[in-house]
Amino acid sequence: MSEERSLNFIEEIVEEDIAAGKHGGRVLTRFPPEPNGYLHIGHAKSICLNFGLAKKYNGKTNLRFDDTNPTKEETEYVDSIKEDVKWLGFDWAEELYASDYFDKLYNFAVTLIKKGLAYVDDSTAEEIASQKGTPTEPGTPNEYRNRSAEENLQLFADMKAGKYQDGDKVLRAKIDLASPNMLLRDPLIYRIKHAHHHRTGDVWCIYPMYDFAHGQSDAIEEITHSICTLEFVSHRPLYDLFIEELNIFPSKQYEFARLNMTYTVMSKRKLLQLVNEKHVESWDDPRMATISGLRRRGYTATSIREFCERIGVAKRENMIDFSLLEFCIREDLNKTAWRRMAVLDPIKMIITNYPEGKTETLHGENNPEVEGGDGGRDMPFSNELWIEREDFMEEPPKKFFRLGVGLMVRLKNAYIVKCDDFKKDANGNVTEIYCTYIPESKSGHDTSGINVKGTIHWVSVPHAKTAEVRLYDRLFQVEDPSNEEGDFKDYINPNSLHIISNAYIEADLANAEMGKGYQFIRKGYFTLDKHSTADKLVFNRTVTLKDGWAKKG
RNA sequence: UGCCUGAUAGUAUAAUGGUAGUACGACGGUUUUUGGUACCGUUUGUCUAGGUUCGAAUCCUGGUCGGGCAACCA
């Protein structure tokens, strides 16, 4: 019984094209990042769409770096992008670069000039801007617009040859200075930049603009469906126009709404600012909505793919609740993460009727969601345990199913204990609590007949290991920081990182593996940070468990 | 302001002229050696005003509101 999922609008287009026999039913998409930053969750949506579409319709996807602006692009970014796409679980057909096509693009420009459809303009940026007119007034042509093809050819060759400085001249397409679409008012298609390119080095000093590179690159690769975000809708006429005038492969552009998510920002410019201004540690800071940040935080590729599946693809603007991403990672980790015990805010419990110095080995399964428990591990038990401070109350309210004088709980995988007494220091802080255990209530062999409502986690004091545990909260205090008054950075959550330097963890956690998710029972999902060492374990909290009790309080 | 887009529960997303459905959330319950999970139930919606039609979320017209474009960025 495969439930029938309806198609999104792009899948509909693809199916229509296949049915119509367009391109012989071939599907070739591309994922075209500019290597000027790290990929974020918004890119994941595009990646899943492009690669997912190809997979579904027996097609392929190219990874193409849109590297036409040498001043912003770096090899470091290329490497991180490739790593992230692979990690998400996708394989590209070919790794390509817009810069691979610089010769072809140059020749395309020459073709345009010969057809009288492009000219070299000596105006300054300001002059060009003012001559463009406004939405209500048409632009005005300047003296350069009527240069002959011969002259333009020579000037353009001179631009390429490095005879001019940055900004001296540009090549513009000659289209329509009165067009209601401002992008058609003779857009710039080549500019001079004496800058080192991360791949072509210093071979070029003129570089094509996006509009004169993207569509042509698609055409060169014979991309059948070029999928981009909504802000490129008004570029589509240009995309189509150049393809038509150059008489090259008729790739088609389709636009969908980009992902927006609450409590975060989703633009490379802003993410770069957060890194540069040290609001976060790095691009892969676990609070960042980057793929690498989410990975370091403990998100799995499966959960991110599932998220992208659930948010859907449409043309209307959207704002996805961050909690949906959290749902996806909980759903995945619940099925895969091994259960372990860790006490983050410790208080000592002394079991007065358990022999001092005795160690008992108890057993717990790795994951109750898996048939057979997915194996298990031993855990030492003794008369002194660390338990969570919040699991004891001096004056427990009704329905508090944990500890207070006279109350009983089960220690997970161990015994039922009854709280008899506690001790406070001079400041009134509880320092120790005293319990008696029920010997007949041993986990798995309980003959006590006692039923308790609560079960709490614990770690044996003499056997506990310590670890640094980093708890993360949302990076911003408001749902849509980009849309608030003033600077988005004014809304950064000052408490987005809470470091617990000495958490007590059960002994087996010394064997924790990098990249694997663990559930600290009742506390959430955690994973080893990349800076963790054998001497100093560091765990990142991926996400808390859903907490129905906290909500009522 | 000109052009382009879009508008379905709190948030997303279906219904392609024929019963407005699904997921997440919220709320309530059952189970539970995680106040987790699982399971069950409840809740809330077609921007607005007209028109076409036996029948409109869907088609038409006007309005309202949101987003994009006017970079030598992509």
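Computed from heavy atoms alone, side chains included, the values below leave out hydrogens, waters and symmetry copies. Chain naming here is simple, since letters A, B, ... match the order of the sequence lines and numbering starts at 1 in each.
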Q: Which is true for A:Ala314 with a 4.0 Å heavy-atom rule: it touches a base, it touches only sugar-phosphate, or it touches nothing?
A: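 Result for A:Ala314 = sugar-phosphate.
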Q: Could you work out which one of B:U34, B:G35, B:C72 sits closest to the side chain of A:Pro368?
A: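 Selected nucleotide (nearest to the side chain): B:U34.
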Q: Within 45° of the axis and under 6.0 Å from the centre of the six-membered ring of A:Tyr525, does NZ or CZ of A:Arg541 qualify?
A: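 No; the conditions do not both hold, so A:Arg541 does not lie above the ring face of A:Tyr525.
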Q: Provide a list of protein-nucleic acid N or O atom pairs under 3.5 angstrom, restricted to nucleotides 62-69 of chain B.
A:
{"residue": "B:G67", "atom": "O2'", "partner": "A:Glu317", "partner atom": "OE2", "Å": "2.8"}

Q: Which part of the nucleic acid does A:Ser323 contact within heavy-atom distance under 4.0 Å: base, sugar-phosphate only, or nothing?
A: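 Nothing: the residue A:Ser323, judged by heavy atoms under 4.0 Å, touches no strand.
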Q: Closest to the A:Glu34 side chain: B:G36, B:A14, B:C73?
A: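 Minimum distance to the A:Glu34 side chain belongs to B:C73.
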Q: Report yes if a side-chain nitrogen or oxygen of A:Arg316 is closer than 4.0 Å to either non-bridging phosphate oxygen (OP1 or OP2) of B:U8; otherwise report no.
A: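 Yes, such a contact exists.
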Q: What nucleotide, of B:A23, B:G35, B:C72, holds the atom closest to the side chain of A:Leu188?
A: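 Taking heavy atoms from C-beta onward, the closest nucleotide is B:C72.
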Q: With sugar-phosphate meaning primed atoms plus P, OP1 and OP2, does A:Ser443 contact a base, only sugar-phosphate, or nothing at under 4.0 Å between heavy atoms?
A: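 The residue A:Ser443 makes base contact.
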Q: Going by number, which of residues 369-377 of chain A have a non-hydrogen atom under 4.0 Å from RNA chain B?
A: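 Per residue number, the list reads A:Glu369.
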Q: For a quick check of understanding: with a heavy-atom distance under 4.0 Å over all strands, which category does A:Asp166 fall into, base, sugar-phosphate or nothing?
A: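 Counting heavy atoms under 4.0 Å across all strands, no contact is made by A:Asp166.
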Q: Sequence neighbours excluded and cut-off under 3.5 Å, please list the side-chain donor-acceptor pairs for residues 156-165 of chain A, or say none.
A:
{"residue": "A:Asp158", "atom": "OD1", "partner": "A:Gln154", "partner atom": "NE2", "Å": "3.0"}
{"residue": "A:Asp158", "atom": "OD1", "partner": "A:Lys163", "partner atom": "NZ", "Å": "3.4"}

Q: With sequence neighbours left out, what residues match A:Tyr299 under ring pair (Phe, Tyr, Trp, His ring centres under 6.0 Å)?
A: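 Not a single residue meets the ring pair (Phe, Tyr, Trp, His ring centres under 6.0 Å) criterion with A:Tyr299.
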Q: Counting heavy atoms from C-beta on, name the nucleotide in B:C24, B:A74, B:A70 closest to the side chain of A:Phe327.
A: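 Among B:C24, B:A74, B:A70, the one nearest the side chain of A:Phe327 is B:C24.
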Q: Which class fits the ring pair A:Tyr38 and A:Trp283: parallel under 30°, tilted 30 to 60°, perpendicular over 60°?
A: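 Plane angle under 30°, so parallel.
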Q: Give, ordered by number, those residues of residues 334-344 of chain A having at least one heavy-atom distance below 4.0 Å to an atom of RNA chain B; if nothing qualifies, reply none.
A: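 A:Asn334, A:Arg339 - these, ordered by number, are the residues of the stretch whose heavy atoms sit under 4.0 Å from the strand.
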Q: Determine the contact category for A:Lys453: base if any of its heavy atoms lies under 4.0 Å from a base atom, sugar-phosphate if only primed atoms, P, OP1 or OP2 are that close, otherwise nothing.
A: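 The residue A:Lys453 makes no contact with any strand.
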Q: Under 4.0 Å between any heavy atoms, over every strand shown, what does A:Ser179 touch: base, sugar-phosphate, or nothing? Just pick one.
A: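 The residue A:Ser179 makes no contact with any strand.
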Q: Expressed as a whole number of angstroms, how long is the span from A:Asp240:CG to B:C4:P?
A: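 Atom CG in A:Asp240 sits about 16 Å away from atom P in B:C4.
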Q: Give A:Gly444 one of three labels, base, sugar-phosphate or nothing, depending on what nucleic acid heavy atoms sit under 4.0 Å from its own.
A: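 Base contact.
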Q: What nucleotide, of B:G35, B:U34, B:U1, holds the atom closest to the side chain of A:Ile521?
A: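 Shortest atom-to-atom distance from the side chain points to B:U34.
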Q: Of the nucleotides B:G6, B:U34, B:A12, which one has an atom closest to the side chain of A:Asn318?
A: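 Comparing B:G6, B:U34, B:A12 against the side chain of A:Asn318, the answer is B:A12.
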Q: Is the shortest side-chain N/O distance from A:Lys546 to OP1 or OP2 of B:U34 below 4.0 Å?
A: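 It does not, given that no N or O in the side chain of A:Lys546 lies less than 4.0 Å from OP1 or OP2 of B:U34.
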Q: Heavy atoms only, 4.0 Å cut-off, all strands: where does A:Leu324 land among base, sugar-phosphate and nothing?
A: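 Sugar-phosphate: the residue A:Leu324, judged by heavy atoms under 4.0 Å, touches backbone atoms but no base.
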Q: Quick one: label A:Arg410 by what it contacts on the DNA or RNA (base, sugar-phosphate, nothing), any heavy atom closer than 4.0 Å.
A: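 A:Arg410: base contact, heavy atoms under 4.0 Å.
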Q: Choosing from B:A74, B:G10, B:A12, which nucleotide comes nearest the side chain of A:Ile320?
A: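 Given the options B:A74, B:G10, B:A12, the side chain of A:Ile320 is closest to B:A12.
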Q: Could you tell me whether the side-chain ring of A:Trp549 sits stacked on the base of B:G35, using a centroid cut-off under 5.5 Å and a plane angle under 30°?
A: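 Check passed, A:Trp549 stacks on base of B:G35.
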Q: Before you tell me yes or no, could you show the steps for A:Phe232 and A:His214 under ring-ring contact (aromatic ring centres under 6.0 Å, His included), namely the whole-Å CA-CA distance, both residues' side-chain angles and the distance that decides it to 0.1 Å?
A: CA-CA 11 Å; A:Phe232 293 101; A:His214 202 101; 7.2 Å; no
Q: Using a heavy-atom cut-off of 4.0 Å across all strands, would you classify A:Thr544 as base, sugar-phosphate, or nothing?
A: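 If one applies the 4.0 Å heavy-atom cut-off, A:Thr544 turns out to touch nothing in the nucleic acid.
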Q: Looking at every strand, decide which applies to A:Arg402 at a 4.0 Å heavy-atom threshold: base, sugar-phosphate, or nothing.
A: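 Result for A:Arg402 = base.
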Q: Classify the nucleic acid contact of A:Glu137 as base, sugar-phosphate or nothing, counting any heavy atom under 4.0 Å across all strands shown.
A: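 A:Glu137: no heavy atom of the nucleic acid under 4.0 Å.
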Q: Extract the stems that RNA chain B is part of, considering only consecutive pairing runs of at least three Watson-Crick or G-U wobble pairs, both distances under 3.5 Å.
A: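 Looking at RNA chain B, the stems formed by three or more consecutive pairs are B:2-7 with B:64-69, B:10-13 with B:21-24, B:26-30 with B:38-42, B:47-51 with B:59-63.
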Q: Taking any heavy-atom pair under 4.0 Å as a contact, classify A:Val452: base, sugar-phosphate, or nothing.
A: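 Nothing, no nucleic acid heavy atom in range.
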Q: Touch check for A:Phe322, heavy atoms < 4.0 angstrom, all strands: base, sugar-phosphate only, or nothing?
A: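 Touches nothing.
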Q: Between A:Arg522 (CZ) and B:U32 (C1'), how many Å, whole number?
A: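 Those two atoms, CZ and C1', are 14 Å apart.
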